[in-house]
Amino acid sequence: MQTETKATIDHISAPGGQSVTVLRFSGDISSSSKEPVLGAWQNVNGGGPVLLDFCKVDYINSSGIALIIQMLMEADKTGRKVAAFGLTPHFQKVFTMVGIAKYAGLYKDEPTALAAL
Amino acid sequence: MQTETKATIDHISAPGGQSVTVLRFSGDISSSSKEPVLGAWQNVNGGGPVLLDFCKVDYINSSGIALIIQMLMEADKTGRKVAAFGLTPHFQKVFTMVGIAKYAGLYKDEPTALAAL
Amino acid sequence: MIVTAGTTVEVRLPSRLGFEKVAMGTAASVAALMGFPSERIEDLKTAVAEACINAIEHGNHLNEQLSVGVILSATSDELEVKVIDNGSGIAKQPSKPDIDRKVHGEEDPRGMGMFLMQALVDEAEWVKDSKGKGSYVRLVIRLDKESD
Amino acid sequence: MIVTAGTTVEVRLPSRLGFEKVAMGTAASVAALMGFPSERIEDLKTAVAEACINAIEHGNHLNEQLSVGVILSATSDELEVKVIDNGSGIAKQPSKPDIDRKVHGEEDPRGMGMFLMQALVDEAEWVKDSKGKGSYVRLVIRLDKESD
Ligand SMILES: Nc1ncnc2c1ncn2[C@@H]1O[C@H](COP(=O)(O)OP(=O)(O)O)[C@@H](O)[C@H]1O
Ligand SMILES: Nc1ncnc2c1ncn2[C@@H]1O[C@H](COP(=O)(O)OP(=O)(O)O)[C@@H](O)[C@H]1O
């Protein structure tokens, strides 16, 4: 009875020509999202930056935030840059409260996130 | 603990030059809206058509619909034309179910309602 | 804490006009969890609001010491909502509202709540109090059914 | 039907993950009725969701035969939400999450629910079961307070 989490992977180029992986999530990000969230991360190749797209996510709870922190752990190991966009102002506040903003830039939309890479 | 109903009266001209009164409602339209709804109707002057603007209304119940029917009763007595706009698809359906569409055209927005006068 | 079955949500509201919106919010959340499309959720919200307004006004006569009960029971293919009050139930099923008679002042402009409930959901049934447990209206929406 | 005081809304949910969203919907409707601004309603929704998830997981251990109680009490200037489960309550207040330690694998990535509740509402208090009536967390948001 929870909304299924989906993740798709896009490869795009930043304005500077750099190749960027975008993980686009939809549905809920909660304790039942482990497979889709961490599975999507496993499929990130190369060493370039990763953007997390939350535009189509409307429910995130603390178990979901823990999964996002697990992605940041993986990124930290290899020095990969991560940024997020499409969070509502409320979830931008929540992500900042728990400290995620220290490890991933939080941007309003995709162009802003790309420009900041 | 209900959201107060507000009504403002605008006087505009239809594309054909006809003078039109627009009653703009906001808040709830429910049993507690008798004064603002029927009070606004009392302030309609002249014989021209009246548009009911529901763009800023997000809750209407059957007691509120009864107040709208009371406006249609008054309009019917003097042969005044009434149309409504700004209802969500759900409330357009509800207004059609109870028969209001027979006495008041239901339009998506103000220009469409004005053009149809 | 009372033990309940798997997929029942219960709500208790004060008999005050406006609180029907809380039942709307709860019912909408349960229906969304079950995967109902948004148009069906709108239908359900209006039907549940009308049921609660009747329970508050006609069943409990706006007596705030009495509460209105809302029991939402979900199965894999339908959602049943019972709205319970302390009154003795409806005397008779009202006739279908007649807009011509209403506009011409020959019929009370009110009296559309029960008609709307029946029109908006897949099943609407009124059950009169039997053993002092309250009267209720039972509304059902089904997952496979298209919005009428 | 049990008689309740004027402005209390009660909800009972099954102990199944996902049903915290129903409590979010109910709490949001009550807060909207009271006139809270939308940012405060978002804060309350997240706090209520975390409280329900803990009640479902840690209090009732996902036992669907047990229900989670949510009691919303509104006064003219504040809304109190009690989320009640059948467990024995929290053993101790966890330490504030440390993002550096989490990212470096020195601390469980989880363990942010209670911190968020405290950060998002004006009061958060955990009360351990005394007479078998259940343990609860009590959350309060006040109407005059700005969103932090
Ligand atoms: N819960 C209830 N308890 C007692 N009587 C009811 C209840 N619901 C409806 N009724 C009766 O049925 C009538 C029709 O209800 P309805 O169609 O909702 O219109 P309205 O509430 O505007 O009169 C009410 O006027 C009332 O007499
Ligand atoms: N309702 C509860 N009943 C029993 N223990 C609880 C309850 N709520 C929280 N706890 C305890 O407090 C700990 C911290 O909770 P929280 O900060 O929400 O993080 P998480 O749920 O991710 O562990 C939980 O792991 C649990 O041991």
Side-chain angles (χ1 to χ4, degrees), chain B residues 1-5 27-38 41 50 52 54 57-84 86-106, chain C residues 13-25 28 36-58 62 64 94-121 146-148:
Chain B
M1 286 241 208
Q2 300 203 60
T3 313
E4 222 185 314
T5 317
D28 294 349
I29 312 250
S30 66
S31 55
S32 62
S33 316
K34 192 164 180 172
E35 291 295 310
V37 170
L38 300 184
W41 185 267
V50 173
L52 309 176
F54 292 106
V57 172
D58 40 34
Y59 176 62
I60 310 178
N61 63 31
S62 68
S63 305
I65 296 176
L67 294 174
I68 294 161
I69 292 176
Q70 283 179 261
M71 291 195 285
L72 298 179
M73 282 174 71
E74 296 302 319
D76 192 66
K77 283 182 196 155
T78 56
R80 189 191 296 276
K81 201 167 175 181
V82 179
L87 290 163
T88 62
H90 172 69
F91 278 111
Q92 285 197 34
K93 179 172 82 174
V94 166
F95 275 43
T96 304
M97 279 175 170
V98 298
I100 287 185
K102 191 172 167 185
Y103 288 90
L106 306 180
Chain C
L13 307 169
S15 297
R16 186 187 304 176
L17 287 174
F19 276 84
E20 72 275 12
K21 289 191 196 174
V22 176
M24 292 170 84
F36 279 97
S38 61
E39 321 84 67
R40 287 305 278 161
I41 296 179
E42 289 303 314
D43 292 344
L44 179 71
K45 281 166 69 183
T46 294
V48 166
E50 295 299 326
C52 289
I53 291 169
N54 282 353
I56 293 168
E57 276 190 355
H58 306 304
L62 302 165
E64 295 195 8
S95 52
K96 188 174 179 304
D98 180 330
I99 190 69
D100 297 321
R101 290 175 44 85
K102 285 189 192 298
V103 165
H104 299 121
E106 297 152 12
E107 181 181 300
D108 189 337
R110 290 198 45 168
M112 290 170 292
M114 291 173 61
F115 165 75
L116 280 176
M117 287 180 240
Q118 283 169 313
L120 291 169
V121 299
E146 277 303 291
S147 165
D148 51 300

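Each chain gets a letter, A, B and so on, in the order its sequence line appears, and its residues count up from 1. Bear in mind that the values here come from a model prediction, so they are computed numbers and not experimental data. Just so you know, these numbers use all the heavy atoms, side chains as well, and skip hydrogens, waters and symmetry mates.
- Put simply, of I69(B), L67(B), T88(B), I68(B), the one with the most heavy-atom pairs under 4.5 Å next to chain C is I69(B).
- Using a 4.5 Å cut-off between heavy atoms, E42(C) contacts chain B through both its backbone and its side chain.
- Contact annotation: the side chain of E20(C) approaches that of N61(B) to within less than 4.5 Å [non-hydrogen atoms, C-beta and beyond].
- For the atom pair OG (S33(B)) and CD1 (I60(B)), the distance works out to 9.5 Å, reported to the nearest 0.5 Å.
- For D108(C), no part lies under 4.5 angstrom from a heavy atom of chain B.
- Among all heavy-atom pairs drawn from R110(C) and A66(B), the shortest one is CG-CB, 3.7 Å.
- Residue V98(B) forms a side-chain contact (heavy atoms from CB on, under 4.5 Å) with just one option from L116(C), I99(C), D98(C), and that option is L116(C).
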